[in-house]
2 protein chains.
Amino acid sequence: MGQIHKSRIIEQLTGELATYPKSLRRIAMYVIDNPAEFGMDSIRDSASLIGVSTNSLVRLAKKLGFETYHQFRAPFREALTASASSGDAGQWIGELYERGGKERARADAATSVMGNVTDALRQTDADSIALAADCILEAKKVFLVATRGPYALVHYFYHVGRIALPNLVIAPRHANAPVDEILTADENDVVLAISSMPYSRETIDACEMARKKGAKLILMSDSAANSLPLTPYITLVSPVSTPHYFESYVGFFALLEWLLTVLVERGGEDVQQRIQMFNDLRSDANLYWKM
Amino acid sequence: MGQIHKSRIIEQLTGELATYPKSLRRIAMYVIDNPAEFGMDSIRDSASLIGVSTNSLVRLAKKLGFETYHQFRAPFREALTASASSGDAGQWIGELYERGGKERARADAATSVMGNVTDALRQTDADSIALAADCILEAKKVFLVATRGPYALVHYFYHVGRIALPNLVIAPRHANAPVDEILTADENDVVLAISSMPYSRETIDACEMARKKGAKLILMSDSAANSLPLTPYITLVSPVSTPHYFESYVGFFALLEWLLTVLVERGGEDVQQRIQMFNDLRSDANLYWKM
DNA sequence: ACGTTATAATAACATTTGTTTTGTTTTTTG
DNA sequence: CAAAAAACAAAACAAATGTTATTATAACGT
């Protein structure tokens, strides 16, 4: 019951986000991206984390039709306890912790990495992936846009995906800016962009150009709310946070592999034949080591 | 982190349960059986649900060594938010599977991605990672070798790692074969190679050259046994198998992020300062999008 | 049985949390 | 540009939550 209400609230927030004034919008974005923390924290904690006053939270609750802030937060709390009761997939991590010492550090690292992967897979629904796959399969051209860290992800996607799809283009190539490639895009094309907050300006420029040209935008980001101004056709969300000094993209990587899987599936017989052909050609060309 | 503390507390409660007096025992049983509710509810709610007074809960907290009831409950709260974001991938996959048909294939994809990450982290012990990190930190130069799919992994490792380590070199560069770079390697250097069966001949050539020059070889592979002829100094193993037509490198990716984490940890203060400096320079240079 | 100690409930207290009020700033409208 | 309306933060207020003190009860040893 609570689950449903929670998702309905998030849906409403997402839809009405654009019409909200400054503070309420910041709250809505925070709630959309951090439903668990929002459910757990007190009104003061949430307010200070978001950077607004407490009664801004109360006003948003009233605006959404709730009598009190309590009623607004309640569905998020129920969702928390509901999700906690189901399976413990990562029990082995806890056992690691028991051993202490280096194993404990390993448990921390594993928790963080595993958490991002499972979160990415759980938050993304199969329909979004399927829709993205269909878009990509139907597109005339697919531009892959990313800079810095996520560029490696795009490279991987290109390397595997081009076997199935002859129409992939990595956007920043030939020492160009990404936007230079997107100039040739049109409404038959798809742009797949990967970036996390704070967004790379180059990537955003490319996304905006893509929308202007009428191409469909598939965005992989760590925040659904922050990406709304770009009006993506599909948004695939994965967390990137770690307890350390850099961001973790393993969640994105997992999503990309899932997307590749679905692409091959939906591509049908001929795609699978193409893959087989590639592999055959490679071993003929003495690309593999013989022991 | 919270997950782990929570399970330790529950373990303690379970063990000492028999020695507790009546009220404390009732509380302990309740907490063991209803950790989620206990984490969510207020002290009065829990007390009335259990049928004891509020300060019985406080006494139990003190008995367990906590300063306050808050500290006693905190791990359970953290575990709640943690499980909401990462806990029940298994359940979610199970639901997909129930639907049958195409949904079942998608469940398989998610299962295999998750499984590869889990196995990679579980099979690799912390000592190997720590040893690899020390080798890399002490090396004069570190050559990163990979071709095709894994090249994206090396690119990512380079992108993040060069912030901490100024001595990284991607081996296949300037349209060279990997082995061309390795020609300059010596016994003070380390070669980090990534490849899965069947091994890329180019990568293997580079590895053999590295050994001949006296450099230490760190190999990431899907098989420890098959890599033995290369006499690697350290072998990091992750499965790459999927039920589909291509290999999954998400396990390697997870291992690399773990290695990066340990590198930053062991690199100490100056490495962390370098990372901060990089980030500052980037935002100064208008590389990030302002909303 | 008696006194002592441990355990527990009640109630008083202090802190935190949610709500409402007030005044100021920002935005909108004429 | 000025007036009105909306949005907001700060602070006052009330309710809840957590903590401590007091008192009563149960368990234990001599």
Side-chain angles (χ1 to χ4, degrees), chain A residues 2 5-6 9 12-13 16-31 34-78 80-81 225, chain B residues 2 5-6 9 12-13 16-31 34-78 80-81 291:
Chain A
H5 285 143
K6 177 193 132 184
I9 294 170
Q12 186 179 358
L13 287 175
E16 297 174 354
L17 189 66
T19 71
Y20 286 172
K22 195 173 55 182
S23 272
L24 297 190
R25 188 182 312 185
R26 293 182 63 184
I27 298 170
M29 287 168 64
Y30 176 82
V31 173
N34 307 285
E37 283 74 12
F38 174 71
M40 182 59 75
D41 292 344
S42 71
I43 191 170
R44 277 183 169 77
D45 288 345
S46 290
S48 91
L49 280 172
I50 301 169
V52 299
S53 64
T54 58
N55 85 343
S56 293
L57 286 161
V58 175
R59 273 186 298 115
L60 179 60
K62 298 257 168 74
K63 193 186 189 84
L64 291 171
F66 295 98
E67 291 262 331
T68 67
Y69 178 72
H70 252 107
Q71 293 181 17
F72 172 33
R73 190 182 52 184
F76 292 84
R77 301 189 86 124
E78 288 172 31
L80 270 182
T81 51
Chain B
H5 285 141
K6 180 193 119 182
I9 294 169
Q12 186 180 358
L13 287 175
E16 298 174 355
L17 188 68
T19 71
Y20 286 172
K22 195 173 56 180
S23 272
L24 297 190
R25 188 183 308 182
R26 292 181 64 185
I27 298 170
M29 289 171 64
Y30 176 83
V31 172
N34 309 285
E37 284 73 12
F38 174 71
M40 182 61 76
D41 292 341
S42 71
I43 192 170
R44 277 183 168 76
D45 287 345
S46 289
S48 91
L49 280 171
I50 301 169
V52 298
S53 65
T54 57
N55 84 345
S56 294
L57 287 161
V58 175
R59 273 186 301 116
L60 180 59
K62 297 256 168 72
K63 193 187 190 81
L64 291 171
F66 296 97
E67 291 263 330
T68 67
Y69 179 72
H70 249 110
Q71 294 180 16
F72 173 34
R73 189 180 53 183
F76 292 83
R77 301 190 87 125
E78 287 170 31
L80 267 183
T81 55
M291 254 208 312

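In the text below, chain A, chain B and the rest are named by the order of the sequence lines, each starting its count at 1. Being a predicted model, the structure only gives us computed values, none of them experimental.
- Atom-to-atom, CD of B:Gln71 to P of D:dG18 comes out at 14 Å; the value is rounded to the nearest Å.
- Between B:Ser56 and the phosphate of C:dT7, there is no side-chain N or O to OP1/OP2 separation shorter than 4.0 Å.
- Residue A:Ser23 places at least one side-chain N or O closer than 4.0 Å to OP1 or OP2 of D:dA9.
- Using a 4.0 Å heavy-atom criterion, one finds that B:Leu57 contacts no nucleic acid atom at all.
- Place B:Thr54 and B:Thr19 on DNA chain C by their nearest nucleotides, and B:Thr19 ends up nearer the 5' end.
- Residues of residues 38-51 of chain B that place a heavy atom closer than 4.0 Å to DNA chain D, in numerical order, are B:Ser42, B:Ile43, B:Arg44.
- At a cut-off of 3.5 Å, with distance as the only test, a side-chain donor of B:Ser56 or B:Arg59 sits close to an acceptor on the other residue.
- For A:Arg25 and C:dT27, the CZ to P distance is 12 Å, given to the nearest whole Å.
- Using a 4.0 Å heavy-atom criterion, one finds that B:Ser53 contacts the bases of the nucleic acid, with or without backbone contacts as well.
- At a cut-off of 3.5 angstrom, the base of C:dT10 holds at least one donor-acceptor pair with the side chain of B:Asn55.
- Screening A:Ser46, A:Ser48, A:Ser42 for a side chain to side chain contact (heavy atoms under 4.5 Å, CB included) with A:Arg44, the sole residue that qualifies is A:Ser42.
- Annotation: proximity of residues 61-69 of chain A to DNA chain C (heavy atom, distance under 4.0 Å) is found for A:Lys62, A:Thr68, A:Tyr69, numbered in ascending order.
- Phosphate contact (OP1/OP2 of D:dA7, side-chain N/O of A:Arg59, threshold under 4.0 Å): absent.
- Although no hydrogens or angles enter the test, the distance criterion places a donor-acceptor pair under 3.5 Å between the side chain of B:Arg73 and the main chain of B:Asp41.
- Within the model, atoms CG of A:Leu57 and CD1 of A:Ile43 stand 5.0 Å from one another, a figure rounded to the nearest 0.5 Å.
- Atoms CG and CD1, from B:Asp45 and B:Ile50 in turn, are 10.5 Å apart once rounded to the nearest 0.5 Å.
- B:Lys22 places its NZ atom 13 Å from the C1' atom of C:dA6, with the value rounded to the nearest Å.
- Aromatic ring orientation, B:Tyr69 versus B:Phe38: perpendicular (interplanar angle above 60°, classes split at 30° and 60°).
- Whole-Å rounding puts the A:Leu60 CG to D:dA6 P distance at 17 Å.
- Going from atom CG of A:Asn34 over to atom CE of A:Met40 covers 13.5 Å, rounded to the nearest 0.5 Å.
- Remark: C1' of D:dC8 and CG of A:Leu24 are 9 Å apart, rounded to the nearest angstrom.
- For the atom pair CZ (A:Arg25) and CD (A:Glu16), the distance works out to 12.5 Å, reported to the nearest 0.5 Å.
- Contact annotation for A:Arg73: backbone-only contact, meaning every heavy-atom pair under 4.0 Å involves sugar-phosphate atoms and none involves a base.
- Taken from CG in A:Leu49 to CD in A:Glu37, the straight-line distance is 8.5 Å, to the nearest 0.5 Å.
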